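Below: the structure, in structure tokens.
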Amino acid sequence: MKKILIATQKPFAAAAVKSMTSIAEGKGYEVKLLEKYAEQSEFVAAAADADAIIIRSDIADKDVLANAKNLKVIVRAGAGYDNIDLEACTANGVCAMNTPGQNSNAVAELVFGMLVYAVRNFFNGKSGSELMGKKLGILAFGNVGRNVARVAKGFGMEVYAYDAFCPKEAIEAAGVKAVESQDALFETCDIVSLHIPATAETKNSINYALVNKMKKGGIVVNTARKEVINEAELIKLMEEREDLKYITDIMPDANEEFAAKFAGRYFSTPKKMGAQTAEANNNAGIAAVNQIIDFFENGNEKFRVNK
Ligand code: 3PG
């Protein structure tokens, strides 16, 4: 009997785990659960007899892959797969997949939860501002970016986007104004919402020069990855420009410094919350189980992300 290990430091909702288990068991798979583990070594050890692994932001590094001798497929139940060592997967004959789109509405909704909180001065009782009529810039027009655009229109915002890989026509077909560059997006918009993955090109790309292009009162909201921010440069800029706000769902390494220096202009969730809804857990978790079953039974590698 093949074993599926669900390794989640930040667990799925219990109902999602129940559904995932029942689908897998119904197809003759055994499910092993490793939740809230404290040490990476626990994940490495638990991977030893797994034929398939489902993770979230858990780190699937060389050690995990080297110890997982039976492993054939690993699925990141979510969008970003920067937490998986893709080269090690390929070297070990493991297919790595993600479940694109399954948690994107949850992340998009959190963007607006955080934005309302920010423009209303973190609910401190002082008069704030509204989102209606403001220019929102969406950096990267993937599944989350598209959902952000949809919700933003409901708020009556003017929506702009830039995506290095998505043609202008596709952005405009979604009723969003496409701008020519990342620089133009920051220059044009009152608020910029980040939806870029963490890659060699994007790491540290949100830097002093770029954010400094924003108009007075600019807000950057990050539900993507902390690595895309050049933290030292953003701190320097926010020291110089007391009008800027930074709101994030991914706690920066320099969280304490941001919090101490920028009271009233900085907020981070204590733990990444974007995809943490019952619906997103269910969608992404069940998609992951189904993809594993389809992989073993039909060789389906549609969502493969490694070579
Ligand atoms: C993703 O890449 O899907 C999101 O960042 C959500 O990550 P999480 O599953 O760790 O909450």
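What you see is a predicted model, and the numbers here were worked out from it, not measured in a lab. No hydrogens, no waters, no symmetry mates; every other heavy atom, side chains included, goes into these values. Indexing begins at 1, ligand by ligand and atom by atom, following the structure's order.
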Would you mind writing out a table of all protein N or O atoms found under 3.5 Å from any N or O atom of ligand 1, naming both atoms and giving the distance to 0.1 Å?
residue	atom	partner	partner atom	Å
ligand 1	2 (O)	R76	NH2	3.2
ligand 1	2 (O)	G80	N	2.8
ligand 1	2 (O)	R225	NH2	2.8
ligand 1	3 (O)	A79	N	2.6
ligand 1	3 (O)	N103	ND2	2.9
ligand 1	5 (O)	R225	NH1	2.9
ligand 1	5 (O)	K272	NZ	2.6
ligand 1	7 (O)	R76	NH2	3.0
ligand 1	7 (O)	K272	NZ	2.9
ligand 1	9 (O)	R56	NE	2.9
ligand 1	9 (O)	R56	NH2	3.4
ligand 1	9 (O)	R76	NH1	3.1
ligand 1	10 (O)	K10	NZ	3.4
ligand 1	10 (O)	S57	N	3.4
ligand 1	10 (O)	S57	OG	2.4
ligand 1	11 (O)	K10	NZ	2.7
ligand 1	11 (O)	R56	NH2	3.0

T269, N222, T223 screened by side-chain hydrogen bond (donor to acceptor under 3.5 Å, both in side chains) with D249, the one that passes
T269
Look at K62 together with E87 and state whether they make a salt bridge at an N to O cut-off of under 4.0 Å.
no
Starting from the C-alpha separation in whole Å, work towards a yes-or-no answer on ring pair (Phe, Tyr, Trp, His ring centres under 6.0 Å) for Y246 and F262.
CA-CA 9 Å; Y246 179 51; F262 310 122; 9.5 Å; no
Electrostatic pair D49:K32 at N-O distance under 4.0 angstrom:
yes
Apart from V64 itself, members of its ILVMFWY cluster (side-chain separation under 4.5 Å) are L5, L34, Y37, F43, V44, I53, I55, L65, L71, I74, Y81, I84, L86, V94, V305
Does L244 offer a backbone N or O that forms a donor-acceptor pair with the side chain of R265 under 3.5 Å?
yes
